Amino acid sequence: MNLKIVQAGDPVLREAARPLTAAEIASAEIQQLIELMRETMRDAPGVGLAAPQIGLPLQLAVIEDVAEIEATERAPVPFHVIVNPRLTLGAEMIDFFEGCLSVEGFQAVVPRARSVHVEALDHLGQPITIGAGGWYARILQHEIDHLGGTLYIDRMRSRTFSTARNAARHAAGVPIPELLAKLAGGARREAI
């Protein structure tokens, strides 16, 4: 059974989610929720899904990525759960396109830290530490943002916001710095 993924404009996506206790994590309800979130994420398809995206303001997210794309520093990440995460960002930033299951049909370039450190609880309520880089770091930042009521559109380079179809038609294969320079040039012309 797939859960309904709420879309931008739903107030739950703008709330700070509440932490879960160890007892709650171990409960049959949360364990079943994790399985339903896994199925929903895979069927969407997506690489992460946070509880607020299914209407629940809980600090819980599921993550899994099966793709491998060297150009985006993307490598497979096995399925796992993060609960009550604390995120520390690395210093180096990198721009790349992102989409979101709760902002369906759109993409934009989003600056994110290239590396992160996350302390969280796993699906059993046990402490875990994650050091991640590249695309995996981007996924973690995106999902943890959801837990604080932030969407990628709050962080995006607004002139790159596009339908997914137009991003594929007009930006595919264009290096991000070149795309940003081209769009910035348009902004300067409009200001004159």
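What you see is a predicted model, and the numbers here were worked out from it, not measured in a lab. All values below were derived from every heavy atom in this structure, side-chain atoms included, with hydrogens, water molecules and symmetry-related copies excluded.
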If we only count heavy atoms from C-beta on, is the Pro52 to Arg14 side-chain gap below 4.5 Å?
no
Single-linkage hydrophobic cluster, 4.5 Å side-chain cutoff, Ile144 and Tyr152 together
no
Do Pro57 and Val12 come within less than 4.5 Å of each other through their side chains, counting heavy atoms only?
yes
Strictly by modelled atom types, are Ser102 and Gln7 linked by a side-chain donor-acceptor pair under 3.5 Å?
no
With a 4.0 Å cut-off, would you call Glu73 and Arg114 a salt bridge?
yes
Please report the shortest heavy-atom distance between Pro45 and Leu101, naming the atom on each side.
O-CD2, 3.8 Å
I need the Ile34 CD1 to Phe79 CZ distance, nearest 0.5 Å.
7.0 Å
What one should report as the nearest heavy-atom pair of His142 and Arg112 is CA-NH2, 3.6 Å
Close side-chain approach of Glu68 to Arg74, heavy-atom, < 4.5 Å:
no
Asp95 side, atom CG; Ile176 side, atom CD1 - distance, nearest 0.5 Å
7.0 Å
Got a donor-acceptor contact below 3.5 angstrom from the Arg159 side chain to the Leu183 backbone?
yes
Can Trp135 be reached from Val109 by stepping across I, L, V, M, F, W or Y side chains whose heavy atoms are under 4.5 Å apart?
yes
Counting N and O atoms only, with roles assigned by atom type, does the side chain of Arg138 sit under 3.5 Å from a partner on the main chain of Val110, one being a donor and the other an acceptor?
yes
Would you find more than 12 non-hydrogen atoms of other residues, nucleotides or ligands less than 6.0 Å from Arg18 atom CZ?
yes
Is there a donor-acceptor pair closer than 3.5 Å between any side-chain N or O of Glu143 and the backbone N or O of Ala50?
yes
Starting from the C-alpha separation in whole Å, work towards a yes-or-no answer on side chain to side chain contact (heavy atoms under 4.5 Å, CB included) for Leu13 and Thr150.
CA-CA 7 Å; Leu13 292 172; Thr150 298; over 6 Å; no
One pair to check against side chain to side chain contact (heavy atoms under 4.5 Å, CB included): Ile30 and Leu58. What are the steps and the verdict?
CA-CA 10 Å; Ile30 294 297; Leu58 305 173; 4.2 Å; yes
Assigning hydrophobic clusters by single linkage (Ile, Leu, Val, Met, Phe, Trp, Tyr; side-chain heavy-atom cutoff under 4.5 Å), is Leu121 placed with Leu147?
no
Minimum heavy-atom separation for Ile5 and Ala44, please, with both atom names.
CD1-CB, 4.2 Å
Separation of His123 NE2 from Glu35 CD (nearest 0.5 Å)
9.0 Å
Measure from the side-chain N and O atoms of Ser27 to the backbone N and O of Glu24, and report whether any donor-acceptor pair falls under 3.5 Å.
yes
Distance-only, no hydrogens or angles: does the Gln59 side chain make a donor-acceptor pair with backbone N or O of Ala17 under 3.5 Å?
yes
Would you compute the distance between atom OG1 of Thr160 and atom CE of Met156 and round it to the nearest 0.5 angstrom?
7.0 Å
To the nearest 0.5 Å, what is the distance between CD on Glu15 and NE2 on His146?
14.0 Å
Side chain to side chain contact (heavy atoms under 4.5 Å, CB included) for Leu49 and Ile63? Distances and angles first, verdict last.
CA-CA 7 Å; Leu49 184 67; Ile63 294 170; over 6 Å; no
Which residue in the set Leu89, Ile130, Thr129, Leu87 passes side chain to side chain contact (heavy atoms under 4.5 Å, CB included) when paired with His117?
Thr129
Hey, what do you get for CG (Asp145) to CZ (Arg155), rounding to the nearest 0.5 Å?
4.0 Å
Same apolar cluster (I L V M F W Y, side chains within < 4.5 Å links), Leu151/Leu60:
no
Short side-chain to backbone donor-acceptor contact, Thr163 and Phe106, under 3.5 Å
no
Please determine whether side chain to side chain contact (heavy atoms under 4.5 Å, CB included) holds for the pair Val62 and Val81, giving the CA-CA distance in whole Å, both sets of side-chain angles, and the decisive distance to 0.1 Å.
CA-CA 5 Å; Val62 297; Val81 175; 4.1 Å; yes
Distance-only, no hydrogens or angles: does the Gln141 side chain make a donor-acceptor pair with backbone N or O of Ala137 under 3.5 Å?
yes
Is it true that, when you exclude Glu104 itself, more than 12 heavy atoms of the residues, nucleotides or ligands shown sit nearer than 6.0 Å to its CD?
no
Report yes or no: do Ile25 and Met37 belong to one cluster of Ile/Leu/Val/Met/Phe/Trp/Tyr joined by side chain heavy-atom distances under 4.5 Å?
yes
Evaluate the ring planes of Tyr136 and His80, with Trp represented by its six-membered ring, and classify them as parallel (under 30°), tilted (30 to 60°) or perpendicular (over 60°).
perpendicular
Is the shortest heavy-atom distance from the side chain of Leu3 to the side chain of Leu33 under 4.5 Å?
yes
Residues at least two apart in sequence or cross-chain that pass side chain to side chain contact (heavy atoms under 4.5 Å, CB included) with Asp43, listed by chain then number, are Asn2
Which heavy atom in Asn84 sits nearest to a heavy atom in Pro19, and how many Å separate them?
OD1-CA, 3.1 Å
Answer yes when Glu64 and Arg42 have at least one side-chain N-carboxylate O distance shorter than 4.0 Å, and no when they do not.
yes
